[in-house]
Amino acid sequence: MKKNLVLIGMMGSGKSTIGRILAKNTKKKFYDVDKIIEREINLKISEIFQNKGEIFFRKVEEKTSIQLLKSTGNIIALGGGAFLNEKIRTELKINSISVWLKWSPKFLIPRILNSKIRPIVSKLTEKDLVKLIDTRSKIYSKADYKINCDKLSKDEIIKKIMEL
Ligand code: S3P
């Protein structure tokens with residue numbers, strides 16, 4: 001059975017961009033869990049958080065991620081919080097290889113703040129974000145592979161993943 005390649009890491013780490021290019025290069029299908037959720041609920045992620053709350057979002061995220069992880073041979077980008085869910089991590093172990101796109105806060109925070117509005121960050125200070133990255137990193141480190149992205153270009157990150 002062909003395994004899935006699953007990209008994990010903080011928001012702004014490039015999971016969707018890298019995943020899309022990887023899929024093109026390898027002629028595999030790419031699935032972005034956040035995009036699937038938006039289509040299913042018919043609302044943008046920020047609207048889901050605003051109108052239905054985070055608990056609702058996490059439930060849908062769990063269901064959608066687990067369903068997708070049961071597929072084979074695909075490239076999947078999980079949402080930044082999904083890997084914190086133990087049920088999702090357990091499902092991931094069965095038939096997928098996880099790759100953590102790791103950035104240090106110095107590089108990651110400007111990427112997060114410059115990118116599209118994300119509900120998780122809107123209420124956080126920069127100090128809170130450093131703390132969040134630190135706490136989540138302990139869990140992200142359970143991934144099968146880690147790529148230190150700080151000094152790498154997009155192409156170099158892709159090349160590293162292809163080599164795995
Ligand atoms: C989240 C990250 C987002 C999205 C939601 C929650 C998080 O995904 O799932 O806003 O908790 O880190 P991206 O990592 O694709 O931005």
Side-chain angles (χ1 to χ4, degrees), residues 4-23 29-69 71 74-89 91-92 96-150 152 154 157-158 161:
N4 298 306
L5 180 98
V6 180
L7 299 175
I8 69 146
M10 281 292 291
M11 52 203 126
S13 60
K15 300 180 296 275
S16 305
T17 311
I18 304 274
R20 206 168 297 118
I21 302 173
L22 272 173
K29 284 199 181 128
F30 173 63
Y31 295 98
D32 186 328
V33 174
D34 280 350
K35 288 278 165 315
I36 297 175
I37 294 174
E38 288 185 339
R39 236 175 289 138
E40 194 177 306
I41 309 292
N42 209 13
L43 289 173
K44 294 269 159 220
I45 298 289
S46 56
E47 293 167 333
I48 301 177
F49 270 75
Q50 214 168 32
N51 302 348
K52 302 192 173 273
E54 179 168 356
I55 294 174
F56 172 86
F57 171 76
R58 296 297 176 198
K59 274 192 198 141
V60 182
E61 178 179 58
E62 180 179 296
K63 186 176 133 257
T64 310
S65 305
I66 290 178
Q67 210 171 13
L68 199 54
L69 290 169
S71 67
N74 294 314
I75 299 191
I76 297 168
L78 287 185
F83 197 71
L84 309 179
N85 179 323
E86 204 184 333
K87 286 190 193 153
I88 296 179
R89 287 203 306 277
E91 186 64 42
L92 210 158
S96 304
I97 294 170
S98 51
V99 179
W100 172 25
L101 301 181
K102 181 177 192 278
W103 296 84
S104 48
K106 190 175 126 194
F107 292 94
L108 189 59
I109 289 173
R111 288 175 63 96
I112 295 173
L113 299 178
N114 289 338
S115 63
K116 65 178 185 312
I117 312 228
R118 286 177 158 104
I120 289 288
V121 254
S122 54
K123 294 183 206 91
L124 300 181
T125 63
E126 226 174 286
K127 215 170 137 197
D128 294 334
L129 258 179
V130 174
K131 226 165 132 190
L132 182 73
I133 295 169
D134 190 52
T135 321
R136 285 188 169 188
S137 294
K138 294 191 178 75
I139 301 171
Y140 291 150
S141 67
K142 293 175 191 267
D144 298 314
Y145 295 97
K146 166 179 87 177
I147 310 240
N148 282 310
C149 298
D150 287 354
L152 301 179
K154 196 162 49 182
I157 297 172
I158 291 163
I161 300 176

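Atoms within a ligand are numbered from 1 in the order they appear, just like the ligands themselves. This one's a predicted model, so the numbers in the text were calculated from it and none came from an experiment.
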Report, in ascending order of atom number, the atoms of ligand 1 lying under 4.0 Å from any heavy atom of [X].
X      : answer
Asp34  : 3 (C), 4 (C), 8 (O), 9 (O), 13 (P), 15 (O)
Ile45  : 5 (C), 10 (O)
Pro119 : 10 (O)
Met11  : 12 (O), 13 (P), 14 (O), 16 (O)
Gly79  : 8 (O), 9 (O), 14 (O)
Arg58  : 6 (C), 7 (C), 11 (O)

Test item: [X] and [Y] side chains (from C-beta on) under 4.5 Å apart, heavy atoms:
X     : Y     : result
Phe57 : Ile37 : yes
Leu22 : Phe30 : no
Phe83 : Leu92 : yes
Tyr31 : Asn4  : no

Gly9 backbone acceptor or donor facing Lys15 side chain under 3.5 Å
yes
Under 3.5 Å between some N or O of ligand 1 and some N or O of Gly80?
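Yes, there is a polar N/O contact under 3.5 Å.
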Do any nitrogen or oxygen atoms of Ser16 come within less than 3.5 Å of a nitrogen or oxygen of ligand 1?
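No.
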Side chain or backbone of Arg136 under 4.0 Å from ligand 1, or both, or neither, by non-hydrogen atoms?
side chain
Between Glu61 and Arg58 (salt bridge meaning N to carboxylate O under 4.0 Å), is one present in this structure?
yes
Can you establish whether the number of heavy atoms outside Glu47 located under 6.0 Å from its atom CD is more than 12?
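More than 12 within 6.0 Å, yes.
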